[in-house]
Amino acid sequence: MASYLQIADDEKGHELDLFCIPRHYENDLDKVIIPHGLIMDRTERLARDIIQDMGGHHIVALCVLKGGYKFFADLLDYIKALNQNSDKSVPLTVDFIRVKSYCNDKSTNSVKVIGGDELSNLRGKNVLIVEDIVETGRTMQTLLSLLSECHPKMVKVVSLLVKRTPRSSGYRPDYIGFEVPDAFLVGYALDYNEYFRDLSHICILNDRAKEKYKV
């Protein structure tokens with residue numbers, strides 16, 4: 001079972017004025033729940049675990065856009081550094097896919113995959129899917145089902161966040177950064193209707209902001 005850092009349901013978090021928060025978001029957030037430095041340290045450890053498990057294999061790192069791009073870039077930077085400074089190394093190529101399953105703050109029953117016709121290029125390859133957050137797990141299960149039709153040699157999933165929620169299908173990724181409470185999180189490329197991707201820390205969105213940025 002994947003190890004992870006658990007953020008408790010009663011986690012008090014950190015006051016916004018202790019951090020550098022963009023002024024245009026100061027009234028939209030309740031608290032900082034995972035500071036940027038902690039994200040980076042945990043990402044570095046995930047890179048080490050991936051190298052340990054998959055070192056020696058040629059890996060296609062598949063970034064799930066849009067939310068996964070920041071975690072993807074930082075994870076690959078750490079893997080690249082380990083490649084240069086450890087006994088095991090991972091030859092890496094990259095690919096991208098976009099998956100959409102949210103409307104406002106609700107996960108929908110419909111999962112839209114953009115770029116799925118290019119998944120055939122992954123036949124016979126070792127694939128590492130890089131995701132920002134797993135909530136119900138249904139989005140990832142849909143993507144994994146699509147991937148299986150293309151007959152990759154191996155598929156592993158790393159997700160920065162996994163949400164504790166009664167709506168979960170029970171799916172768990174192979175590598176997990178943090179297990180987080182059932183709250184709507186933004187920052188570090190996680191968005192609410194495309195806002196908050198430019199926030200460095202992972203924060204809890206307040207109810208006023210949900211109305212302010214609603215589409």
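Keep in mind that what you see is a predicted model, and the values were worked out from it rather than measured.
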Inter-residue atom distance [X].[atom1] - [Y].[atom2], 0.5 Å rounding:
{"X": "I202", "Y": "L29", "atom1": "CD1", "atom2": "CG", "answer": "12.5 Å"}
{"X": "L75", "Y": "I50", "atom1": "CG", "atom2": "CD1", "answer": "4.5 Å"}
{"X": "N126", "Y": "T93", "atom1": "CG", "atom2": "OG1", "answer": "10.0 Å"}
{"X": "F196", "Y": "H24", "atom1": "CZ", "atom2": "NE2", "answer": "8.0 Å"}
{"X": "D53", "Y": "M154", "atom1": "CG", "atom2": "CE", "answer": "9.0 Å"}
{"X": "L147", "Y": "T142", "atom1": "CG", "atom2": "OG1", "answer": "11.5 Å"}

So, do [X] and [Y] sit near enough that their side-chain heavy atoms are less than 4.5 Å apart?
{"X": "S89", "Y": "L82", "result": "no"}
{"X": "V32", "Y": "C203", "result": "yes"}
{"X": "K125", "Y": "P152", "result": "no"}
{"X": "T43", "Y": "L160", "result": "yes"}
{"X": "S200", "Y": "Y188", "result": "no"}
{"X": "C150", "Y": "N121", "result": "no"}
{"X": "L143", "Y": "T139", "result": "no"}

message: side-chain hydrogen bond (donor to acceptor under 3.5 Å, both in side chains) for D28 and Y192? Distances and angles first, verdict last.
response: CA-CA 11 Å; D28 301 327; Y192 177 71; over 6 Å; no
field: NZ or CZ of R172 within 45° of Y4 ring axis and under 6.0 Å
entry: yes
Can any side-chain N or O of [X] pair as donor or acceptor with the backbone N or O of [Y] at less than 3.5 Å?
{"X": "D30", "Y": "I204", "value": "no"}
{"X": "E11", "Y": "G13", "value": "yes"}
{"X": "S168", "Y": "T165", "value": "no"}
{"X": "N206", "Y": "N27", "value": "yes"}
{"X": "K163", "Y": "A183", "value": "yes"}
{"X": "H201", "Y": "H36", "value": "yes"}
{"X": "N193", "Y": "Y213", "value": "yes"}

message: If you apply the rule salt bridge (Lys or Arg N to Asp or Glu O under 4.0 Å), what do you find for E211 with R208, and how did you get there?
response: CA-CA 5 Å; E211 286 301 314; R208 184 171 59 244; over 6 Å; no
Closest non-hydrogen atom pair between [X] and [Y], with its separation:
{"X": "K12", "Y": "K31", "value": "O-CD, 3.0 Å"}
{"X": "L76", "Y": "A61", "value": "CD1-CB, 4.1 Å"}
{"X": "L199", "Y": "P22", "value": "CD1-CD, 3.6 Å"}
{"X": "F96", "Y": "L62", "value": "N-CD1, 3.8 Å"}
{"X": "A2", "Y": "P173", "value": "CB-O, 3.9 Å"}
{"X": "V157", "Y": "D174", "value": "N-OD2, 2.8 Å"}

query: Between D74 and K70, is there a salt bridge with N-O shorter than 4.0 Å?
result: yes
task: Step by step, work out the side-chain hydrogen bond (donor to acceptor under 3.5 Å, both in side chains) result for Y69 and D132.
output: CA-CA 8 Å; Y69 80 85; D132 57 348; over 6 Å; no
task: Let me see the working for S159 and I176 under side chain to side chain contact (heavy atoms under 4.5 Å, CB included), right down to the final yes or no.
output: CA-CA 5 Å; S159 182; I176 300 169; 5.6 Å; no
Is it the case that more than 12 heavy atoms not belonging to [X] sit under 6.0 Å from its [atom1] atom?
{"X": "R48", "atom1": "CZ", "value": "no"}
{"X": "Y78", "atom1": "OH", "value": "yes"}
{"X": "D87", "atom1": "CG", "value": "no"}
{"X": "E26", "atom1": "CD", "value": "yes"}

statement: Between I129 and the options V158, L144, V60, the side-chain contact (heavy atoms from CB on, under 4.5 Å) test singles out L144
field: Candidate pair Y195 and Y25, rule ring pair (Phe, Tyr, Trp, His ring centres under 6.0 Å), full reasoning
entry: CA-CA 9 Å; Y195 292 93; Y25 291 146; 7.3 Å; no
Stepwise salt bridge (Lys or Arg N to Asp or Glu O under 4.0 Å) check, R164 with E179: CA-CA 7 Å; R164 283 188 306 278; E179 187 184 77; 3.0 Å; yes
query: Taking it one step at a time, do L5 and L38 satisfy side chain to side chain contact (heavy atoms under 4.5 Å, CB included)?
result: CA-CA 10 Å; L5 199 161; L38 183 55; 4.2 Å; yes
message: With side chain to side chain contact (heavy atoms under 4.5 Å, CB included) as the criterion, how do K153 and R123 come out once you've worked through the C-alpha distance, each side chain's angles and the decisive distance to 0.1 Å?
response: CA-CA 7 Å; K153 183 178 179 181; R123 178 181 296 273; over 6 Å; no
- request: Could you check L185 against L161 for side chain to side chain contact (heavy atoms under 4.5 Å, CB included), going step by step and ending with a plain yes or no?
  value: CA-CA 10 Å; L185 306 177; L161 307 176; 4.1 Å; yes
task: Check the pair R45 / D41 against salt bridge (Lys or Arg N to Asp or Glu O under 4.0 Å), numbers first and verdict last.
output: CA-CA 7 Å; R45 179 52 198 252; D41 278 5; over 6 Å; no
